[in-house]
Participant: 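I'd like to ask you about the structure that follows.
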Amino acid sequence: MERRNAWLTYTDAEEKEMEAVVKAYRHFLDKGKTERECVTQIVKEAEAAGYVSLEDKLAANGKIQAGDKIYTVGMKKIVALFHIGQEELENGMNILGAHIDSPRLDIKQNPLYEDSDLAYLDTHYYGGVKKYQWVALPLAMHGVVVKKDGTVVEVNIGEEEEDPVLYITDLLIHLAGKQLQKKAAEVIDGESLDILIGSRPLKDLPDEKKKEAVKENVLKILKEKYGVEEEDFLSAELEIVPAGKARECGLDRSMIAAYGQDDRVCAYTSLLALLEMEAPKRTSCCLLVDKEEIGSVGATGMQSRFFENSVAELLEGMGKYSELTLRRALRSSSMLSSDVSAGFDPAYAEAFEKKNAAFLGRGIVLNKFTGARGKSGSNDANAEYVAKVRAILDSHEIAFQTAELGKVDIGGGGTIAYIAALYGMEVIDSGVAVLSMHAPWEITSKADVYEAKKAYKAFLLDA
């Protein structure tokens, strides 16, 4: 059942609309390279579309009713947006759920040191990475430093043309004989992913500090530029990501090359779909979470009570809260777990079962199940629900395909789907096919981005 390439179906008007969606998406990628930055940009766009914070809404009059557009943020890293529908919330919601964290390197709490007249920052990688991919690249630092008095200092180094970039060194090929004999997972070990941050020593230091003159110069720069001390690293969240803006890829400009497309491609198209909704019958929701890449744990991951608590607050604002009503609202909901899928790569065809693989340009991907090998750790969507989603996509003439994550015995992966399914709601994974997933730069098709946005809107309308 080979699916047709979506590019073959577009009119000139549709291609123009697609390019507008992709332009907005690329801007989002450039602005949101961390979870905090994503949430800031999401709130900005939501407020421009008429959304107000749940806290402000409850403080103003405490009443929530049909037509209200509401968002709520948790710890600046997780956000839920609701467009309240005409039907009772107890009857469920149509939910788009995606994650906004991506694999990266995190700066440790005691990171700065000097060795052989070079200054470094120690890191701990976050999420599933091929460590060797992160060396010999221009890198940027994003994040916050929070001082003891509560002052939050935002850090963004390496993105502007006049900015310096950061770097992780690799061993020159001339001396790399032994290194090249290692397995790929061992070529670079985690403790070697240290960020080269300086080499210029500070002059006129007292004798006791001359041995770390380069480190002292880095500290001087940090003090002058950001007003932070070395101890402030203890309460910092600094992330190392690839430097540079999202780019068009291919001579035909048909693809996007960028960092963090897993899963910001699904997060942003979900947001766009929600913001375009007008007077929904059923409450529409977009839930964008943190920590998916490390198991959806913590206060800002899908396993937290953030979403459940947010729905409880909505019901309270409607004057209809009870534990049973909350349970019914969650159980009766329908969800698309909007997460990316592995795109078929002819260069690595041996990893895929081609009949059940996702192809770039053929539309949004439905994954009935994910998991590893024997579907371990997977939500396996009911056939009835798959049929319902198929019918919605076909009725709106959305290009879609079905896939699984590689050959059965090779590997696998998971999403937030199984966690939402614990409430008893219907859930299926649906997202954009990605090449080089989890690499510093990933590839998607413009057509698939466009089809995803259309598919998510159709789901909100008709699920």
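Side chains included, hydrogens not; waters and symmetry mates left out as well; all remaining heavy atoms used.
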Participant: Is a side-chain donor or acceptor of Asp448 paired with a backbone partner of Leu360 at a separation under 3.5 angstrom?
Facilitator: no
Participant: Please report the interatomic distance OG1(Thr444) to CE(Met437), rounded to the nearest 0.5 Å.
Facilitator: 11.0 Å
Participant: Measure the CG-OG distance between Leu460 and Ser270 for me, rounded to the nearest 0.5 Å.
Facilitator: 8.0 Å
Participant: Mind checking the CG-NZ spacing from Asp290 to Lys76? Nearest 0.5 Å is all I need.
Facilitator: 14.0 Å
Participant: Identify the residue among Val365, Leu405, Asn367 that makes a side-chain contact (heavy atoms from CB on, under 4.5 Å) with Asp429.
Facilitator: Asn367
Participant: Apply side-chain hydrogen bond (donor to acceptor under 3.5 Å, both in side chains) to residues Glu276 and Tyr456 and explain how you reach the verdict.
Facilitator: CA-CA 11 Å; Glu276 289 184 5; Tyr456 295 151; over 6 Å; no
Participant: Are Glu19 and Lys446 close enough, and set up right, to give a side-chain contact (heavy atoms from CB on, under 4.5 Å), and what steps lead you there?
Facilitator: CA-CA 8 Å; Glu19 291 295 344; Lys446 288 182 176 180; 3.1 Å; yes
Participant: How long is the span from the OG atom in Ser436 to the CD atom in Gln133, to the nearest 0.5 Å?
Facilitator: 7.0 Å
Participant: Rounded to the nearest 0.5 Å, what separation is found between the OG atom of Ser338 and the CD1 atom of Ile364?
Facilitator: 6.5 Å
Participant: Will you find, in the side chains of Asp149 and Thr151, an N or O donor that is under 3.5 Å from an N or O acceptor?
Facilitator: yes
Participant: Under 4.0 Å between a Lys/Arg side-chain N and an Asp/Glu carboxylate O for Glu154 and Arg36?
Facilitator: no
Participant: Look at the rings of Tyr385 and Phe459 and say which category their plane angle falls in: under 30° parallel, 30 to 60° tilted, over 60° perpendicular.
Facilitator: perpendicular
Participant: Is it the case that the side chain of Asp68 and the backbone of Gln65 share a donor-acceptor pair, with hydrogens and angles ignored and the cut-off at 3.5 Å?
Facilitator: yes
Participant: Taking all non-hydrogen atoms of both residues, which atom of Val165 and which atom of Ala243 are closest, and how far apart?
Facilitator: CG1-CB, 4.2 Å
Participant: Answer whether the closest heavy-atom distance between the side chains of Ile195 and Leu139 falls below 4.5 Å.
Facilitator: yes
Participant: Under the 3.5 angstrom rule, does the side chain of His99 hit a backbone N or O of Asp101 as a donor-acceptor pair?
Facilitator: yes
Participant: Under 4.0 Å between a side-chain nitrogen and a carboxylate oxygen: does that hold for Lys454 and Glu451?
Facilitator: yes
Participant: In terms of side-chain geometry, is the basic nitrogen of Lys77 or Glu35 positioned less than 4.0 Å from the acidic oxygen of its partner?
Facilitator: no
Participant: Nearest heavy-atom pair of Leu275 and Ala46: which atoms, and what distance?
Facilitator: CD2-CA, 4.1 Å
Participant: Could you check whether any side-chain heavy atom of Tyr126 comes within less than 4.5 Å of a side-chain heavy atom of Ser102, counting everything from C-beta outward?
Facilitator: no
Participant: Test your reading of the model: is there a side-chain donor-acceptor pair from Arg3 to the backbone of Phe400, 3.5 Å cut-off?
Facilitator: yes
Participant: For the residue pair Val129 and Leu193, establish whether any side-chain heavy-atom pair is separated by less than 4.5 Å.
Facilitator: no
Participant: How far apart are the closest heavy atoms of Leu29 and Ala258, and which atoms are they?
Facilitator: CD1-CB, 3.6 Å
Participant: Which pair of non-hydrogen atoms, one from Gly413 and one from Thr370, has the smallest distance, and what is that distance?
Facilitator: O-CB, 3.3 Å
Participant: Could you check whether any side-chain N or O of Ser332 sits under 3.5 Å from a backbone N or O of Gly92, counting only pairs where one atom can act as donor and the other as acceptor?
Facilitator: no
Participant: Any chance the side chains of Tyr423 and Glu308 put a donor and an acceptor closer than 3.5 Å?
Facilitator: yes
Participant: Going through the checks in order, is the salt bridge (charged side-chain N to carboxylate O under 4.0 Å, His left out) test met by Glu224 and Lys220?
Facilitator: CA-CA 6 Å; Glu224 291 174 349; Lys220 179 175 179 287; 2.8 Å; yes
Participant: For Asp339 versus Gly414, what's the shortest heavy-atom pair and its separation?
Facilitator: OD2-O, 4.5 Å
Participant: Between Asp189 and Lys131 (salt bridge meaning N to carboxylate O under 4.0 Å), is one present in this structure?
Facilitator: no
Participant: State whether Glu191 and Lys108 are salt-bridged, where the test is any N-O pair (Lys NZ or Arg NE/NH1/NH2 against Asp/Glu carboxylate O) under 4.0 Å.
Facilitator: yes
Participant: Taking all heavy atoms of Ser333 and all of Ile95, pick out the closest pair and write down the distance.
Facilitator: CB-CD1, 3.7 Å
Participant: Is the shortest distance from a Lys or Arg side-chain nitrogen in Lys320 or Glu88 to a carboxylate oxygen in the other one below 4.0 Å?
Facilitator: yes
Participant: Backbone N or O of Glu229 within a donor-acceptor pair of the Asp232 side chain at under 3.5 Å?
Facilitator: yes
Participant: Are Gln261 and Tyr25 close enough, and set up right, to give a side-chain hydrogen bond (donor to acceptor under 3.5 Å, both in side chains), and what steps lead you there?
Facilitator: CA-CA 10 Å; Gln261 297 200 74; Tyr25 169 53; 2.8 Å; yes
Participant: Give me the one residue out of Arg282, His83, Lys281 that meets side chain to side chain donor-acceptor pair (under 3.5 Å) with Asn94.
Facilitator: Arg282
Participant: With a 3.5 Å cut-off and no angle check, do the side chains of Thr72 and Glu55 form a donor-acceptor pair?
Facilitator: yes
Participant: With respect to His142, which candidate in Glu239, Glu37, Arg104 satisfies the side chain to side chain donor-acceptor pair (under 3.5 Å) definition?
Facilitator: Glu37
Participant: Can a donor-acceptor pair be found, under 3.5 Å and without considering hydrogens, that links the side chain of Thr269 to the backbone of Val265?
Facilitator: yes
Participant: Is there side-chain contact between Met141 and Leu105, with heavy atoms separated by less than 4.5 Å?
Facilitator: no
Participant: Let me see the working for Tyr71 and Tyr51 under ring pair (Phe, Tyr, Trp, His ring centres under 6.0 Å), right down to the final yes or no.
Facilitator: CA-CA 6 Å; Tyr71 72 85; Tyr51 281 73; 7.5 Å; no
Participant: Below 4.0 angstrom, N of the basic side chain to O of the carboxylate: do Arg328 and Glu323 qualify?
Facilitator: no
Participant: Look up atom CG in Asp194 and atom CG in Leu112, then write down how far apart they are to the nearest 0.5 Å.
Facilitator: 11.0 Å
Participant: Lys69 side chain to Glu47 main-chain N or O, any donor-acceptor pair under 3.5 Å?
Facilitator: no
Participant: When you compare the side chain of Leu326 with that of Val311, does any pair of heavy atoms fall below 4.5 Å?
Facilitator: yes
Participant: Any sub-3.5 Å donor-acceptor pair from Ser284's side-chain atoms to Pro280's backbone N or O?
Facilitator: no
Participant: State, yes or no, whether a side-chain contact exists between Arg26 and Ile256 at a heavy-atom distance under 4.5 Å.
Facilitator: yes
Participant: Taking NZ, NE, NH1 and NH2 as the nitrogens, is one of them in Lys453 or Glu17 under 4.0 Å from a carboxylate oxygen of the other?
Facilitator: yes
Participant: Could you check if a side-chain atom of Asp263 sits within less than 4.5 angstrom of a side-chain atom of Ile100, using non-hydrogen atoms only?
Facilitator: no
Participant: Using a 4.5 Å cut-off on heavy atoms from C-beta on, say whether the side chain of Tyr259 contacts that of Glu442.
Facilitator: no
Participant: Answer yes when Glu426 and Lys388 have at least one side-chain N-carboxylate O distance shorter than 4.0 Å, and no when they do not.
Facilitator: no
Participant: In terms of the angle between their ring planes, are Phe82 and Phe307 parallel, tilted or perpendicular, with boundaries placed at 30° and 60°?
Facilitator: parallel
Participant: Could you tell me whether a side-chain N or O of Thr415 sits under 3.5 Å from a main-chain N or O of Ala417, the two making a donor and an acceptor?
Facilitator: yes
